[in-house]
Amino acid sequence: MGAGIGRELELLRKEVVDDLGDRDARYIRRVIAVQRGLEVAGRALLLAHGWHRNLARPGARRGRAFGRTVWGAGTASLAAAKILENMEIGHNVLHGQWDWMRDPKIHSTTWEWDTACPAAQWKHSHNVVHHTFTNVVGKDRDVGYGVLRVAPEQPWHPVYLAQPFYNVLLALLYEYGIALHDLAVEKVATGEKAQEEVDAQLREIGRKVAWQWAKDYAAFPLLSGRSFLPTLLGALTANTVRNVWAHMIIFCGHFPAGIATFPEERLDGETRDEWYVRQLLGSANITGGPLFHLMTGNLSHQIEHHLFPDLPSNRYAEIAPRVRELCERHGLPYHTGRLGRQVASTWKKIVRLAFPGG
C-alpha cells in the first residue's frame, strides 16, 4: 500500500512549482491588501464608536443603537482581519510558501505575525518538529499539545478527566498556548535543554505579548476617550474569536476519528513513500467553499498542506482532487468532511480519551 506514491506526489509538486508566477503573487498581495483594509476599517469603526459616544446626548436611544451597530461592525471586521493575518498570511508566509517571490516584505525570514508567539519559535515547533514527526507519539509535540490525550497510545492520567474543560480554555487562549508550545520545559529536568534557553525564550515571548497588549488593549482604547472599555472589549473579542477559530480549524485537521498516530519505531528506516503515507494518514480535510477555505488559511486542505507544506496555499484546492484520486488508486483513505462533522468527531475523541482506555 502506497508503494511509488512518493514519486507521483513529487511529480505533482514539481508541476505546481514550475507553474508558479504572477497570478500567485497577485493572489497573496491581494489577500494582504484586503486584510490590512479590514484591520483599518475595524480600528476606525471602533474609534468612531468611541467618538460617537463622546458626542452623543445622554439617554439618546437611537444613538445607543447606532453605537452598538458600529461597535459590532468594527469588532467583526477586526476579527476577520486577525483571522486572515494568522491563517492565510502569517502561517503560510512563515512556511516559506512565498519565498520564491524573493520579496523581502513577504518572506519567511522577515515576517512577524500578529499573535503572542514569536515567529522564530513557532517556525521551530511547527515547521521543524511537527511537520517532520507528524503524529509520531513522543516526537510530535502537536499530538495533544502536551496537555490533551488525543491518542490511546498516550498513557492515561487522572488529570485527563478534566481535558474537555481545559480544552475550552485552550481554545479561548489559543495564541498563548501556541506561544508556550516551543518551551518544552520538561526537557530541562532531563538535561536535554538548558534553563537559560527557556528563560531567553520566555523573555522573547514576554516582549511580544507586551507589544500585542500595548497595541490592542492600551493604545487604541486610549484613543477612544470615554469609550476606552468598549474599544478594549472589541479588541479582546476579536482576539478571542480568532483564537477559537484557529483552534477549531487546526484541531479538525489533526484529531478527528480515523486519524492515525504512530510509534517512534515507525521512523526507523522510514522511506520517502512511507513519509508521504504518514502525512496522508495523519491529516484530515474540511469541505467548504472558497471563502471558507480562505478564512481557514486553506488548512481546510490539511492533507495537501502536510504533503506540500511549502507550496502556496492558493494551489491546494486545485490539486486536492488529484491527491484524492491518487489515494483511491493506492488504497489509502482520504479523510474529509463538513465542519460540523469534523468538530463533533474531534470533541467525541477528546471526551472519550479523557477516560482510561481508548
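Worth knowing before you read on, the calculation uses all heavy atoms, side chains too, and leaves out hydrogens, waters and symmetry mates.
- In this structure, Arg272 forms a cation-pi arrangement with Trp275, its terminal cationic atom sitting closer than 6.0 Å to the ring centre and no more than 45° off the ring axis.
- The shortest side-chain heavy-atom distance between Tyr276 and Glu10 falls under the 4.5 Å cut-off.
- Although no hydrogens or angles enter the test, the distance criterion places a donor-acceptor pair under 3.5 Å between the side chain of His107 and the main chain of Thr109.
- Both Leu299 and Phe292 belong to a common hydrophobic cluster when Ile, Leu, Val, Met, Phe, Trp and Tyr are linked at side-chain heavy-atom distances under 4.5 angstrom.
- To the nearest 0.5 angstrom, Ile83 atom CD1 is 4.5 Å from Met295 atom CE.
- For the residue pair Trp156 and Leu161, the shortest heavy atom distance occurs at CZ2-CG, 3.8 Å.
- Counting heavy atoms from C-beta outward, Met87 and Ile249 have side chains that approach closer than 4.5 Å.
- His181 has its ring centre no less than 6.0 Å from the ring centre of His126.
- In this structure a side-chain-to-backbone donor-acceptor pair under 3.5 Å is present from Thr110 to Pro104.
- Using a 4.5 Å cut-off on side-chain heavy atoms (C-beta onward), Tyr160 and Ile350 make no contact.
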task: For ring pair (Phe, Tyr, Trp, His ring centres under 6.0 Å), just list the numbers for Phe251 and Tyr145, CA-CA rounded to whole Å, side-chain angles, deciding distance to a tenth of an Å, and then say yes or no.
output: CA-CA 11 Å; Phe251 272 48; Tyr145 291 92; 5.7 Å; yes

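- Note on Met248: it clusters hydrophobically with Tyr174, by side-chain heavy-atom contacts below 4.5 Å among ILVMFWY residues.
- Going from atom CD1 of Ile205 over to atom CD1 of Ile178 covers 11.0 Å, rounded to the nearest 0.5 Å.
- Side chain of Thr190 to backbone of Lys187: a donor-acceptor contact under 3.5 angstrom is found.
- Within 6.0 Å of CZ in Arg7 there are 12 or fewer heavy atoms belonging to other residues, nucleotides or ligands.
- For Trp113 (side chain) and Cys117 (main-chain N/O), a donor-acceptor pair under 3.5 Å exists by modelled atom type.
- Nearest heavy atom pair, residue Glu264 against residue Val136, reads CA-CG1, 3.7 Å.
- Between the side chains of Gln121 and Lys208, no donor N or O sits under 3.5 Å from an acceptor N or O.
- A continuous path of Ile, Leu, Val, Met, Phe, Trp and Tyr side chains, each step under 4.5 Å between heavy atoms, connects Phe255 with Tyr166, placing both in one hydrophobic cluster.
- The main-chain N or O of Pro230 is found under 3.5 Å from a side-chain atom of Trp71 such that the two form a donor-acceptor pair.
- Ring centers of Trp122 and His95: under 6.0 Å apart, within the cut-off.
- Distance CG/Asp114 to NZ/Lys82: 3.5 Å, rounded to 0.5 Å.
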message: Under the criterion side chain to side chain donor-acceptor pair (under 3.5 Å), I'd like the reasoning laid out for Ser108 against Asp99: C-alpha separation, chi angles, the key distance, then a yes or no.
response: CA-CA 7 Å; Ser108 62; Asp99 287 2; 2.6 Å; yes

Step-by-step side chain to side chain donor-acceptor pair (under 3.5 Å) determination, His130 to His124: CA-CA 9 Å; His130 172 57; His124 175 260; over 6 Å; no

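- There is no side-chain donor-acceptor pair under 3.5 Å between Thr115 and Gln212.
- No single ILVMFWY cluster, assembled from side-chain heavy atoms under 4.5 Å apart, contains both Leu353 and Val351.
- One finds a salt bridge joining Asp216 and Arg43 here, because a Lys/Arg side-chain nitrogen approaches an Asp/Glu carboxylate oxygen to under 4.0 Å.
- Listed here is the closest heavy atom pair of Ala284 and Pro256: CB-CG, 4.1 Å.
- Within the 4.5 Å cutoff, the side chain of Met101 has heavy atoms near those of the Arg29 side chain.
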- prompt: Taking it one step at a time, do Glu175 and Arg242 satisfy salt bridge (charged side-chain N to carboxylate O under 4.0 Å, His left out)?
  reply: CA-CA 9 Å; Glu175 64 175 307; Arg242 182 269 316 277; 2.9 Å; yes

message: Run the side chain to side chain donor-acceptor pair (under 3.5 Å) test on Asp24 and Asn314 for me, step by step, so that the C-alpha distance in whole Å, both residues' side-chain angles and the decisive distance to 0.1 Å come before the verdict.
response: CA-CA 7 Å; Asp24 303 284; Asn314 62 310; 3.0 Å; yes

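- Here the side chains of Asn167 and His247 are in contact, with some heavy-atom distance below 4.5 Å.
- Of all heavy-atom pairs spanning Pro164 and Ala354, the tightest one is CD-CB, 4.1 Å.
- Counting all heavy atoms, side chain and backbone alike, Gly297 lies closest to Asn92 at O-ND2, 3.2 Å.
- Using a 4.5 Å heavy-atom cutoff, the side chains of Ile303 and Tyr334 are in contact.
- With rounding to the nearest 0.5 Å, the separation of CG in Leu84 from CD in Glu39 is 11.0 Å.
- The shortest heavy-atom contact between Arg149 and Gly357 is NH2-O, 2.7 Å.
- Residues His301 and His293 form a side-chain contact, since some pair of their non-hydrogen atoms from C-beta on lies under 4.5 Å apart.
- At a threshold of 4.5 Å between non-hydrogen side-chain atoms, the residues Gln35 and Leu38 do not count as touching.
- Remark: Lys348 NZ is loosely packed, at most 12 non-hydrogen atoms of other residues, nucleotides or ligands lying under 6.0 Å away.
- Remark: Arg23 CZ is packed, more than 12 non-hydrogen atoms of other residues, nucleotides or ligands lying under 6.0 Å away.
- Side-chain N or O atoms of Ser77 include none that pairs as donor or acceptor with a backbone N or O of Ala73 at under 3.5 Å.
- Side-chain N or O atoms of Thr271 include one that pairs as donor or acceptor with a backbone N or O of Glu274 at under 3.5 Å.
- Residues His131 and His305 bring their aromatic ring centres within 6.0 Å.
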message: Working note: Glu15 + Arg322, criterion salt bridge (charged side-chain N to carboxylate O under 4.0 Å, His left out); need CA distance, chi angles, decisive distance, verdict.
response: CA-CA 12 Å; Glu15 180 183 325; Arg322 295 173 64 180; 2.8 Å; yes

field: Test log, rule salt bridge (charged side-chain N to carboxylate O under 4.0 Å, His left out), inputs Asp18 and Lys14
entry: CA-CA 6 Å; Asp18 290 346; Lys14 184 178 185 303; 2.8 Å; yes

- request: With salt bridge (charged side-chain N to carboxylate O under 4.0 Å, His left out) as the test, would you mind laying out the steps for Arg13 and Asp310 before giving the verdict?
  value: CA-CA 10 Å; Arg13 181 186 184 281; Asp310 60 346; 2.7 Å; yes

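- Note that OG1 of Thr132 and CG of Asp140 are 9.5 Å apart. Values are rounded to the nearest 0.5 Å.
- Crowding of Asp22 atom CG: a count of heavy atoms from other residues, nucleotides or ligands under 6.0 Å not exceeding 12.
- Separating the CD1 atom in Ile5 from the SG atom in Cys327 is a distance of 5.5 Å, to the nearest 0.5 Å.
- Between the Tyr316 side chain and the Ser300 main chain, no donor and acceptor come within less than 3.5 Å of each other.
- Side-chain contact check for Asn285 and Glu304: at least one donor-acceptor pair (N or O, by modelled atom type) lies under 3.5 Å.
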Stepwise side chain to side chain donor-acceptor pair (under 3.5 Å) test for Asn135 and Arg278: CA-CA 8 Å; Asn135 284 29; Arg278 179 157 56 84; over 6 Å; no

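- Val323 and Leu11 are members of different hydrophobic clusters when ILVMFWY side chains are connected at heavy-atom separations under 4.5 Å.
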